[in-house]
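To start, the structure itself, in structure tokens.
These numbers come from a predicted model, not from an experiment. When reading the values below, keep in mind they use all heavy atoms of this one structure, side chains included, and skip hydrogens, waters and symmetry mates.
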Amino acid sequence: MSVLSRIATVALVSLTTAGLAQAAPVVDQPAPDFTGVTAKGETVNLEDLRGKTVVLEWTNHRCPFVAKHYNSGNMQALQQETQAEGDVVWLQVISSGPGRSGHVTGEKAQALNADREALPADTLLDESGAIGQAYAARVTPHMYIIDEAGLLRYQGGIDSIASANPADIPKATNYVREAMAALGAGEAVPNPVTRAYGCSIRYAPAS
């Protein structure tokens, strides 16, 4: 088994076992409310975004599964096309605890996005893990879509092929694009809950 395959296996096992301890939010029910501080030091409240569609993207720049989607330009393309209409807010969330893989300062988060030409509306620094735990986010990337009424409409993987190989992107069903298209057309999301794949989020130890 390759190193990347072992990482994927560990991440997926972690997702399964962690879910036993923290129930995931429920699709078609109100999304967990949150208040977070951005990489720029500003405060974002989910309630204040009511009336817009909100996409949450859990990320860790050190994760090869995240790199797959950024190095290929796939994540940037999704960020751009989903926000093109002006009624969508894309938020990255970094829930890595201090001293853990993926933890960054606000300055570093901004520099990373500038370097890879990422286009999120903001990046939330969730050092305590409160937002991640509320959403039962377990891997990077882990994706969620909240509609204008504040209802959770999608949670799971970015696409259907659980690999770190960019060559798999064109062959995969992009669940985020699929869900956004359905919501835009006023239709039910075809696959509202899917299996997220990636690197386990390194939360801060419980106190």
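- Annotation: side chain of Val189 is not in contact with side chain of Met180 (no heavy-atom distance under 4.5 Å).
- A salt bridge links Asp147 with Arg153: the closest approach of a Lys/Arg side-chain nitrogen to an acidic carboxylate oxygen falls below 4.0 angstrom.
- Remark: the backbone N or O of Arg116 is paired with a side-chain donor or acceptor of Gln76 at under 3.5 angstrom.
- Cluster membership for Val176 and Tyr70, using ILVMFWY side-chain heavy atoms within less than 4.5 angstrom, is shared.
- Within 6.0 Å of the CD atom in Glu85, the count of heavy atoms belonging to other residues, nucleotides or ligands does not exceed 12.
- Minimum interatomic distance between His69 and Ser72 (heavy atoms only, all atoms of both residues): O-OG, 3.4 Å.
- When all heavy atoms of Gly102 and Ile94 are compared, the closest pair comes out as O-CG2, 3.5 Å.
- Inspection of the Gln92 and Asn113 side chains reveals an N or O donor paired with an N or O acceptor under 3.5 Å.
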| Arg195 and Tyr175: side chain to side chain contact (heavy atoms under 4.5 Å, CB included), yes or no, with the steps? | CA-CA 10 Å; Arg195 185 183 67 173; Tyr175 291 130; over 6 Å; no
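- No path of Ile, Leu, Val, Met, Phe, Trp and Tyr side chains, each step under 4.5 Å between heavy atoms, connects Met75 with Ile161, placing them in separate hydrophobic clusters.
- We find the CG-CG distance between Leu152 and Asp28 to be 8.0 Å, quoted to the nearest 0.5 Å.
- Between Lys68 and Asp159, the closest side-chain pair of non-hydrogen atoms falls below 4.5 Å.
- Side chains of Trp58 and Ser95: a donor on one and an acceptor on the other come within 3.5 Å.
- Two residues are said to be in side-chain contact when any heavy atoms from C-beta on lie closer than 4.5 Å; His142 and Glu57 fail this criterion.
- Nearest heavy-atom pair across Gly36 and Ile131 is CA-CD1, 4.1 Å.
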| task | Could you walk me through whether Arg100 and Tyr203 pass the side chain to side chain contact (heavy atoms under 4.5 Å, CB included) test, one step at a time? | result | CA-CA 8 Å; Arg100 303 216 160 191; Tyr203 286 103; 5.8 Å; no
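- A 4.5 Å side-chain heavy-atom check between Leu124 and Val37 finds every atom pair outside the cut-off.
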| field | Evaluation steps, side chain to side chain contact (heavy atoms under 4.5 Å, CB included), between Met143 and Leu56 | value | CA-CA 6 Å; Met143 309 297 299; Leu56 301 179; over 6 Å; no
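- Closest heavy-atom contact between Leu78 and Thr82: O-OG1, 2.7 Å.
- Going from atom CD1 of Ile146 over to atom CZ of Arg50 covers 9.5 Å, rounded to the nearest 0.5 Å.
- Using a 4.5 Å heavy-atom cutoff, the side chains of Asp33 and Leu46 are in contact.
- Aromatic ring pairs are classed by plane angle as parallel below 30°, tilted from 30° to 60° and perpendicular above 60°; the pair Phe34 and Tyr135 is perpendicular.
- A donor-acceptor pair is defined here as one N or O able to donate and one able to accept, closer than 3.5 Å; such a pair exists between the side chain of Gln83 and the backbone of Gln79.
- By the 4.5 Å heavy-atom criterion applied to side chains, Ile201 and Thr140 are counted as neighbours.
- At a threshold of 4.5 Å between non-hydrogen side-chain atoms, the residues Asn174 and Ile169 do not count as touching.
- Ring to ring, Tyr144 and Tyr154 are not that close: their centroids are 6.0 angstrom or more apart.
- Asp87 and Thr53 share no donor-acceptor pair across their side chains, judged by distance under 3.5 Å alone.
- The number of heavy-atom neighbours closer than 6.0 Å to CD of Gln80, taken from other residues, nucleotides and ligands shown, is 12 or below.
- The cluster map of Ile, Leu, Val, Met, Phe, Trp and Tyr, joined by side-chain heavy atoms under 4.5 Å apart, puts Leu112 and Val93 in different clusters.
- What you find for Gly132 and Asp126 is that their closest heavy atoms are N-OD2, 2.9 Å.
- Val44 and Val89 fall within the same hydrophobic cluster, defined by Ile, Leu, Val, Met, Phe, Trp and Tyr side-chain heavy atoms under 4.5 Å apart, directly or through other members.
- Linking Ile, Leu, Val, Met, Phe, Trp and Tyr whenever their side-chain heavy atoms come within less than 4.5 Å puts Ile158 and Val88 in one cluster.
- Heavy atoms only, all atoms of each residue included: Ala134 and Pro25 are closest at O-CD, 4.1 Å.
- At a threshold of 4.5 Å between non-hydrogen side-chain atoms, the residues Leu49 and Leu91 count as touching.
- In summary, of the residues considered (Arg202, Glu127, Lys108, Arg62), a side-chain hydrogen bond (donor to acceptor under 3.5 Å, both in side chains) with His103 occurs for Glu127 alone.
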| message | For Thr38 and Thr123: C-alpha separation, side-chain torsions, deciding distance, then whether side chain to side chain contact (heavy atoms under 4.5 Å, CB included) applies. | response | CA-CA 5 Å; Thr38 73; Thr123 301; over 6 Å; no
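- A 6.0 Å sphere centred on CD of Glu117 holds no more than 12 heavy atoms belonging to other residues, nucleotides or ligands.
- Once rounded to the nearest 0.5 Å, the distance linking OG of Ser96 with CG of Asn60 reads 4.5 Å.
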